[in-house]
There are 2 protein chains.
Amino acid sequence: MSGESEYLAAYDPREFPPVAVTVDVVALTILGGVLHVLLVERGEPPFAGRWALPGGFIRPGEDLDRAAARELAEETGMADRVHIEQLASYGAPDRDPRMRIVSVSYLAFAPDLPDPQAGSDAADAAWYGVDHLPELAFDHARILDHALDRARAKLEYTPLATAFVGETFTISELRGVYEAVWGVPLHAGNFHRKVLSVPGFVESTGETTESGGPRGGPRARLYRAGDARLLHPALLRPEREEEVR
Amino acid sequence: MSGESEYLAAYDPREFPPVAVTVDVVALTILGGVLHVLLVERGEPPFAGRWALPGGFIRPGEDLDRAAARELAEETGMADRVHIEQLASYGAPDRDPRMRIVSVSYLAFAPDLPDPQAGSDAADAAWYGVDHLPELAFDHARILDHALDRARAKLEYTPLATAFVGETFTISELRGVYEAVWGVPLHAGNFHRKVLSVPGFVESTGETTESGGPRGGPRARLYRAGDARLLHPALLRPEREEEVR
DNA sequence: CTAATAGTGTCTGTAAGACAATATTTT
DNA sequence: AAAATATTGTCTTACAGACACTATTAG
């Protein structure tokens with residue numbers, strides 16, 4: 001913090017160029033096998049009527065993480081079973097036309113959820129499939145892009161996929177998460193063996209589903225999340241030549 | 001940004017609880033085969049005389065990335081050949097005793113460098129070996145921990161190690177970077193073959209060093225960084241059982 | 001019955017790591 | 001000559017992906 005001391009010694013908050021800090025949350029869930037993101041419709045200018053990521057100003061005395069969780073809860077009512085983690089921060093001087101705003105973005109994952117409630121201050125709130133997004137306000141399209149990249153990468157080396165499913169789940173359900181987030185079909189047999197071979201990824205409950213799948217097939221065994229924080233070896237995505245150079 | 005609109009509609013900057021945004025830079029280099037981090041000695045309270053990460057307030061109209069690059073240049077004079085990227089943000093309400101400060105941390109990598117210059121506002125500046133750190137001001141120890149975790153992870157799947165060496169380099173020099181950052185010895189033969197087998201990691205210059213090593217050995221071939229942005233397959237660290245659970 | 005799905009077996013190619021061997025250079 | 005280092009070779013084991021197969025369940 002070079003410069004901070006002298007700066008602050010003679011510092012008067014009233015003179016300081018005003019900067020505001022917000023949190024923006026990229027909340028993801030899976031609906032009908034498709035990855036969805038929570039968006040809110042802005043009720044006021046700028047960008048009135050435009051869809052945006054849920055978020056808002058941090059409050060005095062409130063930590064960044066708590067602010068993100070609060071903003072998310074205001075739109076969805078979801079508090080439990082939600083994984084939330086910080087992503088990048090955005091501070092381009094002109095990213096908000098009103099004033100200097102630095103936004104800290106967060107990524108949240110939740111299992112299948114009921115409809116979101118529009119927060120007290122948003123005109124509406126809805127889950128959008130990530131392949132059918134409306135035009136977004138501010139630089140939120142870029143924030144969302146970064147968030148999706150991160151989510152896809154984290155599925156590879158963390159057990160994050162289990163945050164998208166219920167307390168207990170089948171290997172097929174887990175595969176559905178990977179397919180939805182990565183957007184590619186995976187080989188059922190190989191995926192099955194792979195998941196069970198990673199220590200601590202899932203552990204058996206000893207139970208099975210009550211019945212087979214809707215279109216036939218045997219009952220599936222049920223698992224719960226294991227105690228691993230990192231997957232080793234990782235579940236790597238199929239070849240991505242394009243991204244290498 | 002739910003809540004933002006109404007909030008700002010009736011918003012007067014003079015009434016807003018003051019928040020300041022700083023950038024803090026974790027600048028890493030390798031000196032004598034050991035990973036070092038750039039620290040500055042604070043000249044003013046709080047934490048006067050304590051060492052801290054270089055950093056400071058963002059200026060009006062200045063992007064976060066530019067602010068980080070500027071702060072780094074003020075302490076080191078280094079502008080070229082420096083890789084810089086954003087890490088996490090820290091906003092605990094009490095992390096600075098003076099006022100609410102949200103800090104955006106940055107990670108910077110540079111090749112072997114001359115001594116740093118104390119910036120205009122710091123009492124002193126120096127490179128510290130990461131295993132012999134002084135007690136740090138604020139929450140900078142935590143920020144540094146996170147930065148080192150990130151740097152170690154990025155060596156695995158990006159060609160970042162090449163940012164620590166010169167324009168051209170030998171495979172041994174590159175191995176020295178990995179050993180310094182990861183803190184473990186690597187097998188010379190296997191490392192050599194591995195690096196050359198990853199497409200786009202390094203490319204041959206056709207040249208060799210002028211002479212052998214200081215303690216003997218043949219001349220080594222010289223390489224330069226290739227065009228890969230991601231290493232595939234990655235160079236994984238040796239087993240890290242501890243970190244898995 | 002037929003189709004779909006869960007789960008297992010097998011084979012192949014790639015890659016990581018242990019270890020050895022050879023060539024080249026400094027002291 | 002002796003020691004250090006660059007580079008290459010070989011072998012073993014692990015693992016990813018392709019593919020085949022069996023068993024179980026819905027319709």
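Per chain, numbering begins at 1; letters A, B, ... match sequence-line order. Owing to the predicted nature of the structure, the values given are computational and were not obtained by experimental measurement.
Judged by distance alone, with hydrogens and angles left aside, the side-chain atoms of B:Thr209 form a donor-acceptor pair with the main-chain N or O of B:Ala220 at under 3.5 Å.
Salt-bridge check for A:Arg219 with A:Glu210: failed, with every basic side-chain N at 4.0 Å or more from each acidic carboxylate O.
Following rounding to the nearest Å, A:Glu210 (CD) and C:dT5 (C1') show an atom-to-atom distance of 18 Å. Across the protein-nucleic acid pair, A:Leu236 atom CG and D:dA14 atom P stand 18 Å apart, rounded to whole Å. Spacing between atom NE2 of A:His187 and atom P of D:dC15 amounts to 19 Å, rounded to whole angstrom units. Protein atom CZ of B:Arg219 is 14 Å distant from nucleotide atom C1' of D:dT5, rounded to whole Å. Counting to the nearest Å, the P atom of D:dT10 and the CG atom of B:Asn190 are 15 Å from each other. Taking atom CZ on B:Phe191 and atom P on C:dC19, their separation rounds to 20 Å, with Å as the unit. Look at CZ on A:Arg221: it is 12 Å from P on D:dT25, rounded to the nearest Å. In this structure, B:Leu196 atom CG and C:dA15 atom P are separated by 14 Å, rounded to whole Å.
Close to C:dA18, at under 4.0 Å from its OP1 or OP2, lies no side-chain N or O of B:Arg193. Using a 4.0 Å cut-off, some side-chain N or O of B:Arg215 falls inside it from OP1 or OP2 of D:dT5.
Separation of the B:Tyr223 and B:Phe169 ring centroids does not fall under the 6.0 Å cut-off.
With distances taken from any side-chain atom of A:Pro218 to the nucleotides D:dA6, D:dT24, D:dC15, the minimum falls on D:dT24.
Among the protein residues, B:Gly216 comes within range of the nucleic acid bases, having at least one heavy atom under 4.0 Å from a base atom. Contacts of B:Thr170 with the nucleic acid, taken as non-hydrogen atoms under 4.0 Å apart, are absent. At the heavy-atom level, A:Gly217 lies under 4.0 Å from base atoms of the strands shown. Note on B:Pro238: nothing from the nucleic acid sits closer than 4.0 angstrom, heavy atoms only. At a threshold of 4.0 angstrom between heavy atoms, the contacts of A:Gly213 are confined to the sugar-phosphate backbone, with no base atom among them. If you check every strand for non-hydrogen atoms under 4.0 Å, B:Ser211 touches sugar and phosphate atoms only.
The residue among A:Lys194 and B:His192 whose nearest nucleotide of DNA chain D is located toward the 5' end is B:His192. Remark on DNA chain D: of its neighbouring residues B:Ala188 and A:Pro214, the 5'-side contact belongs to B:Ala188, judged by nearest-heavy-atom nucleotide.
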Which is it for A:Asp65 and A:Tyr106 under the side-chain hydrogen bond (donor to acceptor under 3.5 Å, both in side chains) test, yes or no, and what are the steps along the way? CA-CA 8 Å; A:Asp65 292 7; A:Tyr106 277 80; 2.5 Å; yes

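Using cut-offs of 30° and 60° for the angle between ring planes, the B:Tyr178 and B:Trp182 rings count as perpendicular.
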